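Everything numeric in this text was worked out from a predicted model, so none of it was measured. The sequence lines fix the lettering, A, B, ..., with proteins before strands; numbering per chain opens at 1.
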Amino acid sequence: MSNVKYSESHEWFSVNGDEVTVGITEFAQSQLGDVVFVELPEAGTELSAGDEVAVIESVKAAGDISLPFAATVIAINAALPDEPELVNSDPMGAGWFMRVRPENPADLDNLLSADAYAALVDSE
Amino acid sequence: MSNEARKTPLYDLHVELGGKMVPFAGYAMPIQYRAGIVQEHLHTREAVGVFDVSHMGQLVVSGSDAATALEKLLPIDVQALEINQQCYAVMTSETGGILDDLIITRWAENEFFLVVNAATAAADIAHLQQHLRGCDIRVLGQQALLAVQGPKAGELIGELAPATRALTFMHGTRVELFGTDCYVTRSGYTGEDGFEISVAASAVESVARKLLEDGRVQMIGLGARDTLRLEAGLCLYGNDMDSSTTPVEASLLWSIAKPRRADGAKAGGFLGADVVLGQIAEGVARKRVGFSVEGKIPVRAGADVIDEAGDVVGKFTSGGYGPTLGAAIGMGYVDRGYEKIGTGLQALVRGKAIPIVVARTPFVPQRYYRG
């Protein structure tokens, strides 16, 4: 899992060649609580760094996902709108949100390593 | 005053059970435990949920003139309450606004027990002291309060205290639970059968732990308390009504006793009666209604409601996901002319118009025990 990187806003990014799969971390899902609604972008959407790309609503709160780099959405997890609870039960697996192609792969170097992310979570 | 959140006597138990503690009305309260809001909600609808509501204010108003005096502040028939009978009431202001909503129980001919909201308790006490000069107002600061709610609550509490089996909705009795003196009423705010148990703060943890030993019982946090009351169509003070809304606007007309209305035997005579009775006669410009939301997207408090032309005609005051319904629901206010059940409108969520329909409440049938 050394090719998984993290953001300070609790998203994970699994890098596979020039594609990156995006989801929220175990810590993020535990903070959100029961997820009841997920809104995803359409494949082909072009995003600038910082754009809000998906909405997650739990019973108690609304959250969003933004990408810290520019990218194009190439696929979404079509199961999520009908089964948003996958985000709770398997956030790092079946609860993935989308696959994107970063505009500039070097941007990924700015993301956190697993160790750096674990230290961040410990401090929260 | 310190900013530090107050703790109820069950604070340590909440933390031990994995409660996520959040600030609520000046107290540190559990929004959920490890099971999470959805499971806690569903458990309460299937078995028994125990809620710590010790943050709520418990007051006793007494005096030779207490019943008559209370009628100046509450538009209900206080004098008609039997001993150990209770009633929901709004406390109105001089302009007909709702200062608080509460449950009043007649403990004796001249003694009444009031349970009021935590956030408004201090203002309520001041208001009672100002208007009920001949009465004694006592704050039960050393009493805790547990709500025991769900379809199996009747059998559970009945096994522990057989005298409670005869209690019907909105009646109370003094019993012993696990050897501890308690005042138990058949009431609650989840739409389910259940009880509220007033017990000494020093004994509440032991009572709660003993209740939790039963396999039917689970602790439930504030998050599920909110989704349960919303499905039951019950208002949350501070969200769905406040001092700027009247009981007529808040669709709480049922809480104004018949004898206190314009053609009643003791019409008016409560603060704001001219405004409230005038609104009953002439109607109001806006009214609280329920909303069912199309699709799964939660529409939350504060969302604007628009008509076909895109004009704002209302606002959500509560809203979210109803776990028993598996759907998004809400309540809020709409302008006159839009309040009819079945009226199609839209709610604005992040700039997107979501179809909604004015819906009958409760969303989930209430299952109170009426004998």
> For A/F27, does the CZ atom have more than 12 heavy-atom neighbours from other residues, nucleotides or ligands under 6.0 Å away?
Replying inline: yes
>> So for A/V55, is it side chain, backbone, both, or neither that comes closer than 4.5 Å to the heavy atoms of chain B?
In response: side chain
What are the atom names and distances for all donor-acceptor pairs below 3.5 Å between chain B and chain A?
residue, atom, partner, partner atom, Å
B/K20, NZ, A/S30, O, 2.4
B/Q32, OE1, A/K60, NZ, 3.2
B/I37, N, A/D34, OD2, 3.1
B/V38, N, A/D34, OD2, 2.8
B/R300, NE, A/E57, OE1, 2.8
B/R300, NH1, A/V59, O, 3.2
B/R300, NH2, A/E57, OE1, 2.6
B/R300, NH2, A/S58, O, 2.6
B/R300, NH2, A/A61, O, 3.2
B/R350, NH1, A/E57, OE2, 2.9
B/R350, NH2, A/E57, OE2, 3.2
B/K352, NZ, A/E39, OE2, 2.7

> Among pairs that include at least one residue of residues 43-62 of chain A, which meet ring pair (Phe, Tyr, Trp, His ring centres under 6.0 Å), considering only residues two or more places apart or in two chains?
Replying inline: none
>> Please identify, among B/A224, B/P323, B/P298, the residue contributing the most non-hydrogen atom pairs under 4.5 Å to chain A.
In response: B/P298
>> More than 12 heavy atoms of other residues, nucleotides or ligands under 6.0 Å from CZ of B/R6: yes or no?
In response: no
> Considering only heavy atoms, which portion of A/P84 lies under 4.5 Å from any heavy atom of chain B: side chain, backbone, both, or neither?
Replying inline: side chain
